[in-house]
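Report on one structure; see the data block that follows.
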Number of protein chains: 2
Amino acid sequence: MALRVVKEAEQEVPVIGDRNLRGFVGYSLKRAYHLIQADAMRVLDPLGLRISTYSALAVICDNPDLRQSQLAEILSIERSNTVVIIDALEQPGLIARHRVPNDRRSYALRATPQGRRLHKEATRVLEAHENRLLTALSAEERQLMIDLLRRIDGSAFSEQGAADHPEGGHRHERPD
Amino acid sequence: MALRVVKEAEQEVPVIGDRNLRGFVGYSLKRAYHLIQADAMRVLDPLGLRISTYSALAVICDNPDLRQSQLAEILSIERSNTVVIIDALEQPGLIARHRVPNDRRSYALRATPQGRRLHKEATRVLEAHENRLLTALSAEERQLMIDLLRRIDGSAFSEQGAADHPEGGHRHERPD
DNA sequence: ACAAATAGCTATAGATCATAACAAAATGAA
DNA sequence: TTCATTTTGTTATGATCTATAGCTATTTGT
């Protein structure tokens with residue numbers, strides 16, 4: 001399964017692999033994310049959830065009567081993408097779109113009892129999944145990692161970010 | 001500017017946001033990766049590169065005469081996906097597929113002078129991009145992050161199978 | 001009253017990754 | 001040698017997540 005060394009003469013490629021790429025945070029980030037994401041997908045699949053639907057369900061459970069735009073902002077995704085996610089949660093009856101008395105445009109999202117139950121179970125499953133994948137890190141190191149990661153995407157806005165990007169920045173806000 | 005507060009009476013949703021999701025390393029990983037990936041894509045675009053093609057170009061530059069399967073293994077992607085990436089690099093003349101004397105199945109990948117030049121420039125651009133996005137982290141913290149991340153995807157194989165490399169690397173092969 | 005902003009929605013596309021199946025070539029064993 | 005197996009590159013296809021543009025209905029603000 002590892003690479004087969006050329007047994008013949010051949011040119012004997014001196015492999016240094018991805019050593020130089022490793023200097024980039026983004027590269028290691030990508031590799032680690034890919035591993036975790038694939039396994040999370042795997043363990044969520046039997047529950048009928050994907051990563052995006054689990055995240056949305058979790059936020060909705062924790063923030064009753066949330067609007068779809070608020071959900072989009074919390075998860076840093078586009079409003080348009082929340083629609084299909086919400087659909088996927090509403091269809092099996094995990095959440096419900098309730099009308100808001102004073103605003104007929106928006107919906108108040110609320111998890112159903114089944115939704116809350118599934119969320120609980122999915123959370124357990126995901127905690128087991130992280131414990132399985134992160135055995136190489138202590139609890140302190142995991143928290144440290146979370147803190148470091150959070151400082152990355154926290155600084156996207158606070159560090160004079162959103163104001164001076166006329167175009168081509170990370171878009172979460174439309175100052176237009 | 002986190003959440004938009006409802007201006008009217010409304011139900012005043014008490015927003016706790018994604019606090020519970022933040023307990024998962026995977027969630028913060030995803031957010032941070034998404035930010036970095038989007039910006040990396042943006043800065044690579046004018047050079048005609050995507051993240052996947054840059055990564056492949058970098059590995060090919062550092063490992064002359066690499067085979068496509070080896071590239072796949074180093075980058076942890078499927079062989080089938082290397083094909084289109086290699087195509088995208090070969091078409092503008094950044095790399096070339098050379099025939100291998102003793103094995104007519106495989107190709108020896110080698111970067112052209114233009115490929116090496118573009119790789120150098122793209123690397124500078126990406127370093128600037130990381131310096132811009134990671135201002136919240138010191139150099140030591142960035143290295144710490146890389147180390148922590150690497151321990152995640154390093155442990156993916158030592159878990160049960162691949163009793164190969166104790167040394168931090170990935171699974172390549174034995175140079176001997 | 002009416003322009004502007006907001007909420008949700010549809011359609012579509014790009015990027016990454018995985019899987020299955022295939023042909024040509026190399027390998028290994030009978 | 002023959003022949004089954006493995007390896008290499010390849011094609012086709014689908015899943016996931018994300019972004020963009022444009023649309024309708026509603027609300028807001030002047």
Determine whether any donor atom in the side chain of A:Arg105 lies under 3.5 Å from an acceptor atom in the base of D:dT27, or the reverse, and answer yes or no.
no
Distance check needed: D:dG9 P versus B:Arg99 CZ, whole Å only.
9 Å
In whole angstrom, what separates A:Leu109's CG from C:dG8's C1'?
11 Å
Rounded to the nearest angstrom, tell me the gap between atom CZ in A:Arg31 and atom C1' in C:dC17.
14 Å
Let me see the working for A:Arg22 and B:Asp153 under salt bridge (Lys or Arg N to Asp or Glu O under 4.0 Å), right down to the final yes or no.
CA-CA 12 Å; A:Arg22 285 290 183 178; B:Asp153 86 273; 3.5 Å; yes
To the nearest Å, give me how far apart CG (A:Asp103) and C1' (D:dT24) are.
14 Å
Kindly write out the residues that satisfy side-chain hydrogen bond (donor to acceptor under 3.5 Å, both in side chains) with B:Asn81, not counting sequence neighbours, or none if the list is empty.
none
Roughly how many Å is it from CG in B:Asp39 to P in C:dA15, rounded to a whole number?
16 Å
Round to the nearest Å and state the distance from B:Leu35 atom CG to D:dA19 atom P.
10 Å
C:dA26 P sits how many Å from B:Arg67 CZ, rounded?
12 Å
Specify the separation, in whole Å, of atom CG of A:Leu71 and atom C1' of C:dC9.
15 Å
Pairs flagged by ring pair (Phe, Tyr, Trp, His ring centres under 6.0 Å) wherever residues 65-84 of chain A is involved - sequence neighbours left out
none
Could you run through nucleotides 10-18 of chain D and give me one letter per nucleotide, 5' to 3': B if any protein heavy atom sits under 4.0 Å from the base, S if only the sugar-phosphate is that close, - if neither?
BB----SSB
Applying ring pair (Phe, Tyr, Trp, His ring centres under 6.0 Å), which residue pairs with at least one partner in residues 60-106 of chain B are found, sequence neighbours left out?
none
For residues 141-149 of chain B, tabulate all N or O donor-acceptor pairs below 3.5 Å that involve a side-chain atom, not counting sequence neighbours.
| from | atom 1 | to | atom 2 | distance (Å) |
| --- | --- | --- | --- | --- |
| B:Glu141 | OE1 | A:Arg151 | NH2 | 2.8 |
| B:Glu141 | OE1 | B:Ser138 | N | 2.8 |
| B:Glu141 | OE1 | B:Ser138 | OG | 3.4 |
| B:Glu141 | OE2 | A:Arg151 | NH1 | 3.2 |
| B:Glu141 | OE2 | A:Arg151 | NH2 | 3.1 |
| B:Arg142 | NE | B:Leu134 | O | 3.4 |
| B:Arg142 | NE | B:Leu137 | O | 3.2 |
| B:Arg142 | NH1 | B:Asn131 | OD1 | 2.9 |
| B:Arg142 | NH2 | B:Leu134 | O | 2.9 |
| B:Arg142 | NH2 | B:Leu137 | O | 3.3 |
| B:Gln143 | NE2 | B:Asp147 | OD1 | 3.1 |

How would you list, by chain and number, every residue that makes a ring-ring contact (aromatic ring centres under 6.0 Å, His included) with B:His119, sequence neighbours excluded?
B:Tyr54
